[in-house]
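Here the structure comes first, spelled out in structure tokens, and everything after it is commentary.
Basis for what follows: all heavy atoms, side chains included, without hydrogens, waters or symmetry-related copies. A, B, ... follow the sequence lines: proteins, then strands. Residue 1 opens every chain.
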There are 2 protein chains.
Amino acid sequence: MKSSVEKVFLDYMHDNGLSMTPQRKLIVETFLETEGHFSAETLWSIVRERVSDVGQATVYRTLKILVDSGLADCFDLGDGVSLYEHAYGHEHHDHLVCMQCGAKVEIFDQTIENRQEEVAGRFGFELTRHRMYLFGLCPKCQKEKA
Amino acid sequence: MKSSVEKVFLDYMHDNGLSMTPQRKLIVETFLETEGHFSAETLWSIVRERVSDVGQATVYRTLKILVDSGLADCFDLGDGVSLYEHAYGHEHHDHLVCMQCGAKVEIFDQTIENRQEEVAGRFGFELTRHRMYLFGLCPKCQKEKA
DNA sequence: CATTTAATTGCAATTGGTTTTCAGTATCGC
DNA sequence: GCGATACTGAAAACCAATTGCAATTAAATG
């Protein structure tokens with residue numbers, strides 16, 4: 001039986017007149033098997049461990065499809081590198097990032113979400129989405145520093 | 001009497017062995033006279049209206065000094081272009097951005113700030129800074145759409 | 001105020017992530 | 001199968017931002 005994620009992807013492909021190719025299949029599978037937050041470059045290197053002649057551009061192009069189809073979420077921490085993570089079946093969340101080691105924790109706080117709506121409403125804005133990144137030092141790096 | 005902002009800048013320059021030059025003076029003055037959120041490119045174009053032969057690199061280099069000295073704040077909305085705004089004498093705030101017209105509203109909510117600390121603390125993180133952007137439609141753009 | 005040293009400048013070249021172009025190849029609906 | 005489209009990898013193009021460089025200028029010192 002086809003997994004629910006694959007169905008969503010194939011439906012998106014079909015609905016938009018896109019074709020399935022061995023490269024895309026490989027990239028999507030690799031994406032789904034890779035946990036955490038990673039760059040296109042990183043995903044490319046993992047893909048190439050399996051099949052050596054997949055082009056970098058194809059990885060970028062496929063990641064765009066993954067984002068558009070709702071399977072991936074793309075964000076960047078302000079350093080010019082886009083990071084990707086699984087979006088299908090994952091609730092919305094923000095990130096807590098260690099500035100020392102780069103560790104990332106997914107966070108969610110309903111109070112913050114509510115206040116965001118409320119603040120936006122105060123200015124008559126209709127809120128669509130938001131991004132929030134908290135930067136600091138993780139427990140481990142605090143110890144190492146002391 | 002020298003304004004307080006200028007003093008902070010000159011002190012920073014001196015403390016770091018930096019020299020004052022006509023170009024830097026012009027760029028800093030232009031920066032201080034320009035309100036809102038703007039890119040280095042935009043600042044450069046305003047500067048060149050006054051003196052035509054200021055190099056683009058000098059604007060970037062001076063903006064870096066402004067950020068380091070605490071006079072400017074640099075952030076980006078995720079589209080790869082850094083935006084700058086006045087930081088001296090301005091309290092910390094986040095941004096509410098209209099995705100249609102690009103209008104930006106500066107926002108602040110103490111409840112959100114408190115919860116951020118609290119969420120970070122829950123994971124043992126020591127919070128240093130954060131960025132939060134709320135994206136949506138401003139009142140004007142909502143009307144135009146309807 | 002001259003001198004010397006270190007900093008600064010504009011320009012052009014470079015970087016680095018990402019996107020696009022292009023000619024050849026593969027996919028999909030019929 | 002066949003034809004219209006879509007896809008591919010490689011390389012070139014992009015674009016904001018940075019850097020190397022040789023000439024110029026600021027500024028501390030004597």
Would you kindly confirm whether A:M99 and A:L96 end up in one hydrophobic cluster when ILVMFWY residues are joined by side chain heavy atoms under 4.5 Å apart? no

Whole angstrom value for the distance that separates [atom2] of [N] from [atom1] of [X]:
X	N	atom1	atom2	answer
B:L10	D:dA26	CG	P	15 Å
B:W44	C:dT9	CH2	P	15 Å
A:D76	C:dG16	CG	P	18 Å
A:H14	D:dA6	NE2	P	13 Å
A:I65	C:dT19	CD1	C1'	14 Å
A:N16	C:dC28	CG	P	14 Å
B:Y84	D:dA16	OH	P	12 Å
B:D53	C:dT9	CG	C1'	10 Å

Do B:N16 side-chain atoms and B:L18 backbone N/O form a donor-acceptor pair below 3.5 Å? no

Does [X] place a side-chain N or O at less than 4.0 Å from the phosphate oxygens OP1/OP2 of [N]?
X	N	answer
B:K64	D:dT18	yes
A:S82	C:dT18	yes
A:T21	D:dT8	yes

Let me spell it out: for each of B:M20 and A:R24, pick the nucleotide of DNA chain D with the closest heavy atom. Which residue's pick is nearer the 5' end? A:R24

Taking the nucleotide of DNA chain D with the closest heavy atom to each, which residue, A:I27 or B:S39, is nearer the 5' end? A:I27

With respect to the side chain of [X], which nucleotide from [options] is positioned closest?
X	options	answer
B:V81	C:dA12, C:dT27, D:dA16	D:dA16
A:A57	D:dT19, C:dT20, C:dT18	C:dT20
B:Y60	C:dT20, D:dT18, D:dA26	D:dT18
A:R61	C:dC11, C:dT20, C:dT18	C:dT20
A:Q56	D:dA27, C:dC28, C:dT18	C:dT18
B:L18	C:dT8, D:dA17, C:dT20	C:dT8
A:S19	D:dA11, D:dT19, D:dA6	D:dA6

Could you label the plane-to-plane angle of the B:F75 and B:H95 rings as parallel, tilted or perpendicular, counting under 30° as parallel and over 60° as perpendicular? parallel

Walking DNA chain C from its 5' end, the first of B:V59 and B:G17 to be reached, judged by nearest nucleotide, is B:G17

Mark yes or no: B:R131 above the aromatic ring of A:Y133, with NZ or CZ under 6.0 Å from the six-membered ring centre and no more than 45 degrees from the axis. no

Between the side chains of B:T34 and B:Y84, does any donor sit under 3.5 Å from an acceptor? no

Please check if any side-chain donor atom of A:E113 sits under 3.5 Å from a side-chain acceptor atom of A:H92, or the reverse. yes

